[in-house]
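This report refers to the structure that appears directly beneath it.
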Amino acid sequence: MPAIRKTAEEAMEYIRSGNTLMVGGFGLSGVPLKLVDALVKTDLTDFTVISNNIGTPGQGLGKLLNTGRIKKAVGTYFTTNPDVGTAYQQGKIEVELLPQGTFCEALRAGGSGIPAFYTPTAAGTELAAGKEQRVFDGQSYVLEKALKADVSLIKAHKADDLGNLVYYKTARNFNPLMAMASDLTIVEVDEIVPKGTLDPEAVITPHLFVDILVTG
Amino acid sequence: MPAIRKTAEEAMEYIRSGNTLMVGGFGLSGVPLKLVDALVKTDLTDFTVISNNIGTPGQGLGKLLNTGRIKKAVGTYFTTNPDVGTAYQQGKIEVELLPQGTFCEALRAGGSGIPAFYTPTAAGTELAAGKEQRVFDGQSYVLEKALKADVSLIKAHKADDLGNLVYYKTARNFNPLMAMASDLTIVEVDEIVPKGTLDPEAVITPHLFVDILVTG
Amino acid sequence: MSDMYTQEVRHSIARRAAQELRDGDIVNLGIGIPTLVNNYIPSDFNIHLHTENGMLEVGPSPSPDSVDPNLINASRQPISELPGASYFDSGMSFSIMRGGHLDATVIGALQVSQAGDLASWAVPGRTVLGVGGAMDLVVGAKRVIVATTHLTKDGNPKILPSCTYPLTAKQEVDVLVTEHAVFHFSEGQMTLVEIGEHLTLEELKAITPAGFGVHPGLTVAKRKEAIH
Amino acid sequence: MSDMYTQEVRHSIARRAAQELRDGDIVNLGIGIPTLVNNYIPSDFNIHLHTENGMLEVGPSPSPDSVDPNLINASRQPISELPGASYFDSGMSFSIMRGGHLDATVIGALQVSQAGDLASWAVPGRTVLGVGGAMDLVVGAKRVIVATTHLTKDGNPKILPSCTYPLTAKQEVDVLVTEHAVFHFSEGQMTLVEIGEHLTLEELKAITPAGFGVHPGLTVAKRKEAIH
């Protein structure tokens with residue numbers, strides 16, 4: 001189905017308490033801040049959040065964290081928000097830390113029908129503890145599982161009215177991967193343009209990955 | 001290093017007999033025909049060729065096949081050239097047949113530092129015979145290994161003078177994946193444009209994957 | 001059978017298979033009879049066609065003077081580009097397929113088993129050096145609609161207790177459309193949901209070695225092209 | 001130590017690390033001292049900078065009035081775009097890193113072992129909830145150049161027989177540059193290739209618990225900023 005248009009508030013009706021959510025962005029760049037703010041305003045809770053960072057103190061996903069709605073965080077660099085460390089030490093959230101390349105590859109695998117893959121990254125380190133390791137051609141690799149989500153909240157630059165997406169500079173980051181790896185993809189865009197106006201060679205996310213468009 | 005410019009004939013000096021070569025294209029679309037023709041004119045031989053097809057009778061890689069220079073072919077659909085079947089039945093070439101999705105994923109893995117991955121495709125079929133199978137969450141998957149090559153011969157539409165590439169319509173196909181998966185990438189392009197003239201958001205193959213540019 | 005008769009049967013199957021698609025579906029059409037499906041999609045439906053060599057929003061065959069050899073489908077036939085099209089590499093294209101992002105595929109068959117196994121790429125005793133994208137398509141698409149003649153050209157059955165040809169995938173077929181009937185598959189069971197008015201259940205069973213149940217709401221459909 | 005002295009030492013290390021790069025290299029610069037390396041690349045060299053959040057041909061910091069919050073490097077600092085730049089998603093960016101397509105990375109360290117192990121992301125007994133891209137970078141880059149002070153701020157050794165902090169990667173370091181010396185690593189062995197003229201080999205050994213060999217062609221280098 002081509003994407004449908006909703007307001008940020010309406011889009012929240014597709015999310016359930018207990019969902020696994022992916023949220024795009026690196027630092028605060030490429031984070032769908034309007035969608036995150038709309039989510040904070042709901043009374044939905046108990047989320048597993050898959051995101052590179054959990055915002056910064058009181059910003060972006062930091063708000064969701066501070067209102068106690070994140071049960072588990074899966075990502076690579078929570079150091080940008082010391083509140084994550086505090087919540088973790090108080091036993092308020094579970095944390096799963098992955099090397100960033102493993103995180104990306106697991107997102108892509110989740111969207112690509114690949115249940116698991118081997119990576120050299122983290123072999124022989126603490127982050128591979130408890131994970132299956134295997135030698136190919138004399139080198140050690142770690143078996144990593146795909147990441148999938150019920151809903152992804154992502155940020156793109158422009159969409160056409162079918163839902164094809166293009167991004168803006170380094171705000172692209174994890175967003176195209178998350179669009180692939182979730183059952184439902186909600187996209188905050190700067191602008192919606194008529195179909196036929198984006199260059200077909202330059203579309204990064206084909207519209208089949210996109211369900212809901214929200215203008216930010 | 002940014003890409004260097006060579007003629008098709010000069011570019012062949014980077015290839016050795018016995019090399020594993022990747023050659024782009026689906027049917028004859030996106031095949032670097034000028035490079036393949038230059039290769040046919042050398043006296044290099046004994047190649048393992050990784051390519052979706054082996055051309056058509058007497059065209060593209062079909063010429064390399066008919067001059068007895070292909071030792072082994074790895075691909076998905078050799079049916080487009082009956083000469084492959086004949087050579088195979090005469091014991092002149094080895095053939096490794098992969099489902100097309102597995103072929104693509106193995107190319108991407110080869111370029112991405114992933115030695116092996118699991119795929120649902122071909123589980124329980126003849127094409128998984130002799131391959132390791134494993135169950136995740138109740139479903140069977142096949143372990144597949146990455147594909148890598150010494151040299152890839154690919155076709156792009158435009159390059160800038162650093163070697164950034166854009167493609168043309170469905171001629172893109174396997175070319176960007178092969179550029180990633182080989183030690184040396186030789187690209188046949190329609191046109192070379194000054195750096196700074198391609199849209200940075202629309203570059204498909206960043207120049208770090210490209211070694212040699214040949215105008216076709 | 002005359003060629004004209006054969007063409008009528010093929011179109012009859014394609015017309016019925018098209019009814020299995022839903023408005024808005026993202027669809028990949030395989031080679032053979034499935035390529036005809038595009039002619040029978042209801043005009044008020046928006047169906048979005050994907051081709052595995054790297055494109056979404058495939059348009060109809062172009063006029064001979066606007067054929068572009070680098071704008072082709074997976075059967076290497078010339079196609080055109082609809083507004084809202086996108087191009088991607090084959091890796092992304094198979095992520096779409098294997099990752100479950102196609103709503104449906106319509107695909108041909110050499111054999112289908114009562115468990116929903118499909119054989120479509122190889123014949124025992126013949127060297128077959130081509131598999132292409134069929135396995136990924138069938139494993140990945142949300143609904144697998146097989147569109148095939150009920151019997152082989154030689155009049156042998158294709159719908160069997162189990163496939164005797166090498167498999168494309170196990171238990172992935174959801175719907176089977178022939179010129180005589182429509183079957184659904186669920187949890188390894190095959191159920192007849194529609195039969196042509198031109199034949200009896202006994203006649204159907206006689207040409208269908210596979211074991212199947214009959215849906216309580218069995219539809220009898222007029223398939224005039226298939227009367228023989 | 002004064003802040004000015006510390007800054008001089010950091011720049012001294014960055015300047016020497018820059019000499020390890022080769023014209024045309026594709027390079028990723030890690031956070032800390034490595035970000036200073038860009039200031040010391042010979043002007044006739046073309047170095048192509050990659051940042052793991054998805055860009056090649058990273059340009060220098062923009063003037064304050066042309067900062068774009070969506071054009072940042074992996075340290076979340078504003079950057080600019082050089083002609084010939086390209087953007088890609090994080091998946092492609094880490095394919096580049098892990099796939100061996102970077103010629104070199106310059107990266108900081110908490111500890112380096114004599115076997116070439118690197119510890120750079122965590123400290124025992126402290127909750128560390130960030131690893132980022134360091135592990136992929138070190139595993140994937142063709143040459144791993146560690147640029148670090150020889151001792152910790154508290155004067156404790158960082159170059160050890162084996163790392164006591166959690167590892168970033170095993171035996172991946174190729175070159176180690178400090179304010180006092182340059183070491184090469186090969187097959188689990190550490191070799192001193194350059195020593196500052198401001199200290200003796202005995203003085204160096206006293207602050208370097210790691211066991212290392214001395215290259216027969218050992219260079220003595222002037223490092224005026226590091227004299228103390």
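Every chain is numbered from 1, with letters handed out A, B, ... down the list of sequences.
- Per-residue heavy-atom pair counts under 4.5 Å with chain B were compared for D/Asn46, D/Asp136, D/Ile96, D/Asp103, and the maximum is reached by D/Ile96.
- Ring pair B/His207/D/His48: centre-to-centre distance below 6.0 Å.
- Heavy-atom pairs under 4.5 Å with chain D were tallied for B/Gly110, B/Ala202, B/Ala109, B/Gly113; the largest tally goes to B/Gly113.
- Here D/Asn39 pairs with nothing under the side-chain hydrogen bond (donor to acceptor under 3.5 Å, both in side chains) rule; sequence neighbours left out.
- Between the side chains of D/Lys158 and D/Thr148, at least one donor N or O sits under 3.5 Å from an acceptor N or O.
- Among D/Gly91, D/Gly24, D/Gly100, D/Gly140, the residue with the largest count of heavy-atom pairs under 4.5 Å with chain B is D/Gly24.
- Within the 4.5 angstrom heavy-atom criterion, atoms from both the backbone and the side chain of B/Leu208 approach chain D.
- Proximity to chain B is absent for every atom of D/Met55, based on heavy atoms less than 4.5 angstrom apart.
- Separation of the B/Phe26 and B/Tyr77 ring centroids does not fall under the 6.0 Å cut-off.
- For the residue pair D/Ser93 / D/Ser90, no side-chain donor-acceptor distance below 3.5 Å is found, with atom types taken as modelled.
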